[in-house]
Amino acid sequence: MVIILKNNATQENIDNIKNHLIDFGFQVHESKGVQKTILGAIGVQPDFDTRKIRILEGVADVYRITAPFKLASRDFKEENTIIKIKDVEIGGSKLVLMSGPCSIESEEQIFRLAETVAKSGARILRGGAFKPRTSPYSFQGMGEVGLKLLRAAADKFNLLAITEVMQISQIEVIEKYTDIFQLGARNMQNFALLKELGQTKKPVMLKRGLSATIEEWLMSAEYILASGNPNVILCERGIRTFETYTRNTFDLSAIPVVHKKSHLPVIADPSHATGINDQVPPMARAAVAAGADGLMIEIHYDPEHALSDGPQALLPEQYLELVEELRVIARAIRKDI
Ligand code: PEP
Ligand code: MN
């Protein structure tokens with residue numbers, strides 16, 4: 001249930017409304033917008049009479065949110081969520097690029113690639129240290145040694161860092177080195193992990209599950225938001241379909257759908273969505289045109305010997321050329337890089 005407050009509602013009115021809601025058994029979340037302040041009451045019973053709230057001083061309107069996700073919905077928060085991390089804003093007027101290798105492999109590798117990322121004008125360095133591999137015999141990531149390298153490379157080139165967390169026991173160590181937690185597609189419905197990340201202070205980028213509907217994806221975001229972390233970024237990374245010519249099927253339309261249904265920023269990941277190097281630039285361009293708030297792109301200077309996801313990595317020069325094209329498209333839709 002959403003309670004819209006009158007513009008002239010006093011703090012006393014707001015406290016009184018909140019106390020009533022708590023007494024009725026609701027969990028209360030406040031959303032202060034430029035135009036209006038909204039209270040979200042979670043846990044409404046179907047037979048609850050909303051007039052009990054409507055009559056309170058300071059209340060302009062009360063309505064139920066019909067979507068199953070509440071805090072993630074545009075009904076709860078009309079304005080886009082802009083996540084500020086140091087001097088970077090995600091969800092604002094600038095297109096945010098998160099680029100780097102699939103896995104951190106060595107000091108030389110991550111520093112060389114961080115230099116390319118910085119040169120492109122991107123502000124976020126990606127790199128996996130704990131890798132969710134289909135085969136237990138594949139490279140599993142460098143662990144904390146890799147996290148230290150990621151942090152050092154990011155700091156040297158004035159970049160933020162993003163890296164994947166696969167289980168609750170890794171949160172503490174990853175939090176020391178990263179600026180953003182990446183929650184991978186395979187863990188999108190790991191509800192225990194979602195709740196735990198909801199209790200951390202750092203933003204979480206939630207990738208869409210391998211065969212998750214948009215609603216299921218937004219429900220997973222809801223877990224993080226309901227656990228207390230308002231800084232959730234969504235990432236469309238392709239879904240499993242019957243098509244085999246691409247690794248996944250890039251659901252481009254998820255971008256405008258999510259923008260309509262939710263206030264959370266949406267990043268597109270054309271690398272995992274296609275899985276093939278030459279399909280990455282066209283889908284990256286399409287994602288920017290479709291209004292994505294940013295892109296996650298994997299790069300490598302020696303894809304043939306990459307320890308993971310080599311076939312989809314762009315070479316540094318291909319990546320730099322792509323970013324120039326993205327600048328033109330971004331400008332055409334009144335965004336900037
Ligand atoms: C990755 O970003 O390297 C990754 C494993 O992504 P996803 O969870 O989307 O497969
Ligand atoms: Mn990868």
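Basis for what follows: all heavy atoms, side chains included, without hydrogens, waters or symmetry-related copies. Residue numbers run from 1 in the order of the sequence given. Only a predicted model underlies this, so the values are computations on that prediction, with no experimental measurement involved.
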Can a side-chain donor-acceptor contact be found between [Y] and [X] if the only test is distance below 3.5 angstrom?
{"X": "Gln279", "Y": "Tyr245", "answer": "no"}
{"X": "His300", "Y": "Asp309", "answer": "no"}
{"X": "Glu164", "Y": "Asn187", "answer": "no"}
{"X": "Asn16", "Y": "Glu12", "answer": "no"}
{"X": "Asp251", "Y": "Thr249", "answer": "no"}
{"X": "Thr116", "Y": "Tyr319", "answer": "no"}

Without swapping roles, check the side chain of [X] against the backbone of [Y] for a donor-acceptor pair under 3.5 Å.
{"X": "Glu78", "Y": "Phe76", "answer": "no"}
{"X": "Thr274", "Y": "Pro270", "answer": "yes"}
{"X": "Asn13", "Y": "Thr10", "answer": "yes"}
{"X": "Thr178", "Y": "Ile180", "answer": "yes"}
{"X": "Ser211", "Y": "Arg240", "answer": "no"}
{"X": "Arg133", "Y": "Tyr137", "answer": "no"}
{"X": "Gln182", "Y": "Gly128", "answer": "no"}
{"X": "Glu236", "Y": "Gly238", "answer": "yes"}
{"X": "Asn229", "Y": "Lys202", "answer": "yes"}
{"X": "Glu222", "Y": "Lys70", "answer": "yes"}

Within one Ile-Leu-Val-Met-Phe-Trp-Tyr cluster: [X] and [Y], side-chain cutoff 4.5 Å:
{"X": "Met205", "Y": "Met219", "value": "no"}
{"X": "Met142", "Y": "Tyr177", "value": "no"}
{"X": "Val165", "Y": "Ile168", "value": "yes"}
{"X": "Ile65", "Y": "Leu39", "value": "no"}
{"X": "Ile4", "Y": "Val59", "value": "no"}

Do other residues, nucleotides or ligands put more than 12 heavy atoms under 6.0 Å from [X] [atom1]?
{"X": "Glu317", "atom1": "CD", "value": "yes"}
{"X": "Glu321", "atom1": "CD", "value": "no"}
{"X": "Glu243", "atom1": "CD", "value": "yes"}

Using a strict cut-off of less than 4.0 Å between a Lys/Arg side-chain nitrogen and an Asp/Glu carboxylate oxygen, indicate whether [X] and [Y] qualify as a salt bridge.
{"X": "Arg327", "Y": "Glu324", "value": "yes"}
{"X": "Lys18", "Y": "Glu30", "value": "yes"}
{"X": "Arg126", "Y": "Glu298", "value": "yes"}
{"X": "Arg123", "Y": "Asp179", "value": "no"}
{"X": "Asp293", "Y": "Lys94", "value": "no"}

### Message
My understanding is that only residues two or more places apart in sequence, or in another chain, count here; which of them pass side chain to side chain donor-acceptor pair (under 3.5 Å) with Thr163?
### Response
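Not a single residue meets the side chain to side chain donor-acceptor pair (under 3.5 Å) criterion with Thr163.
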Between atom [atom1] of [X] and atom [atom2] of [Y], what is the distance when rounded to the nearest 0.5 Å?
{"X": "Ser99", "Y": "Leu322", "atom1": "OG", "atom2": "CG", "result": "9.0 Å"}
{"X": "Ile110", "Y": "Arg151", "atom1": "CD1", "atom2": "CZ", "result": "11.5 Å"}
{"X": "His263", "Y": "Leu225", "atom1": "NE2", "atom2": "CG", "result": "6.0 Å"}
{"X": "Ile233", "Y": "Ile83", "atom1": "CD1", "atom2": "CD1", "result": "4.5 Å"}
{"X": "His20", "Y": "Leu56", "atom1": "NE2", "atom2": "CG", "result": "5.0 Å"}
{"X": "Leu264", "Y": "Ile82", "atom1": "CG", "atom2": "CD1", "result": "12.5 Å"}

### Query
Taking it one step at a time, do Leu314 and Asn277 satisfy side-chain contact (heavy atoms from CB on, under 4.5 Å)?
CA-CA 6 Å; Leu314 294 185; Asn277 169 302; 4.1 Å; yes
### Query
Between Leu234, Leu197, Ile267, Leu218, which is the residue that forms a side chain to side chain contact (heavy atoms under 4.5 Å, CB included) with Leu206?
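So the option named by the test is Leu234.
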Which heavy atom of [X] sits nearest a heavy atom of [Y], and at what distance?
{"X": "Pro203", "Y": "Ile85", "result": "CG-CD1, 3.8 Å"}
{"X": "Pro256", "Y": "Ala290", "result": "CD-O, 4.3 Å"}
{"X": "Gly146", "Y": "Ile104", "result": "O-CD1, 3.5 Å"}
{"X": "Pro303", "Y": "Leu315", "result": "CD-CD2, 3.6 Å"}
{"X": "Gly127", "Y": "Leu150", "result": "O-CD2, 4.0 Å"}

Decide yes or no for [X] and [Y]: does some side-chain heavy atom of the first lie under 4.5 Å from some side-chain heavy atom of the second?
{"X": "Met188", "Y": "Glu216", "value": "yes"}
{"X": "Ser31", "Y": "Val2", "value": "no"}
{"X": "Ile297", "Y": "Val323", "value": "no"}
{"X": "Gln170", "Y": "Phe181", "value": "no"}

### Message
For Asp278, give me all partners under salt bridge (Lys or Arg N to Asp or Glu O under 4.0 Å), at least two apart in sequence or on another chain.
### Response
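Applying salt bridge (Lys or Arg N to Asp or Glu O under 4.0 Å) to Asp278 gives none.
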